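To start, the structure itself, in structure tokens.
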Amino acid sequence: MYQMKYEACLAKTRMNDVPLSSQELSELQEDISATRHELQCCDDDGIETLLVKTLDFQESLLSPIRKLPSEMLEAIFYFVVALPESGAGPRSDADVLFEISLSLDDKKFVGRVFALIWVCSWWRRLALAQTVLWSSIAVVDDSQRIHDAREQLELLKCILRRSGTSGPMDFRLHISSRLTVTRHDTLPFLTIFSSVPFDHTQNSFVETFTRYASRWRSFTFLTNSRTNSETFYEILATQLATLNPSTQFPFLEKLELGSGFSLNDDEPLAIKTVRTAFSSSCPRLRSLGIYSLASSDPMDLKSLTVLELHNYSGRSFAYLLNHCPLLKSFTVRFFYRGQDPNLDSDTAYIDSSRHTCLRILRIKGMGEEFTSGAWDLIYLPNLEEVVVSFWLRMDGDVLNELGELLTRSNCTLRKVQLLWDSFHISEYSVLESFLHGIPFNPGCEYIINEGRYPRTH
């Protein structure tokens, strides 16, 4: 009898069978009183456990949250899933919180949405019907995986079906390629590292994500293998051939493509095909991170607010900034000075070198691979934050050019950060000259980080 009563109450809580009339409410309150009385008189441990659980279920049916309208509960679900963790800072428009994540090494999906569907059948139905809760997915496959992850692939497809058929989606795919090592013990000694191509499962994951290309709102693909990067572009180019060229990426706001996205003329056809699609079919693109860019590349950058490059090739950054009038944050590692075929004379720079939107400038590779001339005739009057990482050794001339940019821009810096692993002690004078020559805000924070020992002032 007690078991049957427990199971009946459990079923009601799972179905959210709350009392709707005054009579039903009165009957539930009588049942709660009866259960409390039985619990006080009970001397059997097994029955006592059932009564405690039964009472919890009965009282939970009176909880106000069970009477919330479905629309309000769906809004709560969204905030539960989408808001940053407690203590996290506010996110910018270009940031995306990946709600569901999968590490193929751990063999399991993780996400707050799963906790929602385990509460009761009512919440489960609401959460499963709310497609936005299933539309943001990150998959990481590191080089340690030894199983084929077919089960995880099927679970991924199940989650993607819950995302509906038309809304925007956020994807992140990070594949670390395994390396094979070949050693030759005869002179000359030689060790060759080569990456292992995508296995069948990795190919399947890439194909699955690219099938949703027309729904991408943000997409990140990272790999440590040039070969696998080119394989990714081949798969994506095949998928793009099935889409309408004028509406291939109607939702895309953030795109990050790591290694291999070099835009030289000798690139494989698949990379050129993808580059062309991104150049003309991304009306909402706001944040872009790619391997390399040249002034001659025909990409539409006028709506960007965030740009991250591994390397840039051109006569200076002036032509690039002119084509990114809304840019607020610019990150670059290397600069290679070359000709801008789109410009006939230096006069074209003068009228277009004053950029008033840029607030953050990050240079991740200032050194021998960062040639001079990058900041010719450029003015950044509203720049607030500068981060410089030195590559191998400090180049005094290039650092002085940056200092001249900051001085003539007459900007008011709020944060300056200089990072390096090591350099000759004689070059401290170059660093001191740079710091003394740039315009600081009276409350400016500057961080000098040599190796692992930062000094904040």
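Not measured: the values here are computed from a predicted model. What's counted below: heavy atoms across the whole structure, side chains too, no hydrogens, waters or symmetry copies.
One distance of note links OH of Y233 with CG of N228; it measures 12.5 Å at 0.5 Å rounding. Of the inter-residue distances, the one linking L55 atom CG with L50 atom CG reads 12.5 Å to the nearest 0.5 angstrom. With values rounded to the nearest 0.5 angstrom, L383 atom CG is found 12.0 Å from T356 atom OG1. Note: M169 CE to F209 CZ = 8.5 Å, rounded to the nearest 0.5 Å. Atom CG of D170 is separated from atom CZ of R172 by 12.0 Å, given to the nearest 0.5 angstrom. In this structure, CD in E308 is found 13.5 Å from CG in L293, a value given to the nearest 0.5 Å.
You'll find the side chain of T331 stays beyond 4.5 Å of the side chain of L307, heavy atoms only. Contact check for E154 versus K157: side-chain heavy atoms found under the 4.5 Å cut-off. When side chains are defined from C-beta on, K415 does not count as touching E384, because their heavy atoms never get closer than 4.5 Å. At least one side-chain heavy atom of L160 sits under 4.5 Å from a side-chain heavy atom of I137. Looking only at side-chain heavy atoms (C-beta outward), V416 and V387 stay at 4.5 Å or farther from each other. Taking 4.5 Å as the limit, some side-chain heavy atom of L406 sits within range of a side-chain heavy atom of L413. Between K12 and L61, some side-chain heavy-atom pair lies under the 4.5 Å cut-off. Side-chain contact check for W375 versus L361: some heavy-atom pair is nearer than 4.5 Å.
A donor-acceptor pair under 3.5 Å is formed between the side chain of T238 and the backbone N or O of E234. The backbone N or O of R215 lies less than 3.5 Å from no partner atom in the side chain of R217, so there is not a single donor-acceptor pair. Under the 3.5 Å distance criterion, the side-chain polar atoms of R66 are matched with a main-chain donor or acceptor of S60. No donor-acceptor pair under 3.5 Å is formed between the side chain of S409 and the backbone N or O of C411. The backbone N or O of V388 lies less than 3.5 Å from no partner atom in the side chain of R362, so there is not a single donor-acceptor pair. Between the side chain of T210 and the backbone N or O of V206 there is at least one donor-acceptor pair closer than 3.5 Å. With hydrogens and angles ignored, the 3.5 Å screen pairs no side-chain donor or acceptor of T305 with any backbone N or O of L326.
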- Task: Please report the C-alpha distance between T35 and Q58 in whole Å, then the side-chain angles of each, then the deciding distance to 0.1 Å, and finally whether the side-chain hydrogen bond (donor to acceptor under 3.5 Å, both in side chains) criterion is met.
- Result: CA-CA 9 Å; T35 304; Q58 290 173 331; 2.9 Å; yes
- Decide side-chain contact (heavy atoms from CB on, under 4.5 Å) for V113 and W118; before the verdict, give the C-alpha distance in whole Å, the side-chain angles of both, and the deciding distance to 0.1 Å. CA-CA 9 Å; V113 66; W118 295 332; over 6 Å; no
- Query: Which is it for L301 and L288 under the side-chain contact (heavy atoms from CB on, under 4.5 Å) test, yes or no, and what are the steps along the way?
  - Reply: CA-CA 9 Å; L301 309 175; L288 176 64; 3.9 Å; yes
- Item | Derivation of the ring pair (Phe, Tyr, Trp, His ring centres under 6.0 Å) call for H355 and Y379 | CA-CA 6 Å; H355 197 289; Y379 296 83; over 10 Å; no
- Task: For L380 and L405, run side-chain contact (heavy atoms from CB on, under 4.5 Å): C-alpha distance rounded to whole Å, both residues' side-chain angles, the deciding distance at 0.1 Å, then the answer.
- Result: CA-CA 8 Å; L380 306 174; L405 162 70; 3.9 Å; yes
- Query: Is there a side-chain contact (heavy atoms from CB on, under 4.5 Å) between L116 and F114 once you walk through the steps?
  - Reply: CA-CA 5 Å; L116 297 177; F114 296 110; over 6 Å; no
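The two residues S316 and A374 have their closest heavy-atom pair at CB-O, 3.3 Å. Among all heavy-atom pairs drawn from S135 and P168, the shortest one is CB-O, 3.7 Å. Smallest separation of non-hydrogen atoms from L68 and M72: CD2-SD, 3.4 Å. Closest heavy-atom contact between R162 and W134: NH1-CH2, 3.0 Å. The shortest heavy-atom contact between S303 and P283 is OG-O, 4.3 Å. Across R112 and V80, no two heavy atoms sit closer than the pair NH1-O, 2.7 Å.
A salt bridge links K302 with D300: the distance from a Lys NZ or Arg NE/NH1/NH2 to an Asp or Glu carboxylate oxygen falls below 4.0 Å. A salt bridge links E38 with K5; the closest basic N to acidic carboxylate O contact falls under 4.0 Å. Under a 4.0 Å N-O distance rule, the pair R36/E59 qualifies as a salt bridge.
Taking the six-membered ring wherever Trp is involved, the centroid distance between the rings of F335 and F317 falls below 6.0 Å.
Between F221 and F219, the angle of the ring planes stays under 30°, which puts this pair in the parallel group of the 30/60° scheme. The aromatic rings of Y336 and F334 sit tilted relative to each other, their planes meeting at an angle between 30° and 60°.
For the ring-ring contact (aromatic ring centres under 6.0 Å, His included) test, residues two or more places apart in sequence or in another chain that qualify with Y6 are F57. I47 is linked by a side-chain contact (heavy atoms from CB on, under 4.5 Å) to Y2, C42, D44, L51, counting only residues two or more places apart in sequence or in another chain.
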Review item, side-chain donor-acceptor pairs of residues 123-133, under 3.5 Å, at least two apart:
unit_1 : atom_1 : unit_2 : atom_2 : d
Q130   : NE2    : E74    : O      : 2.8

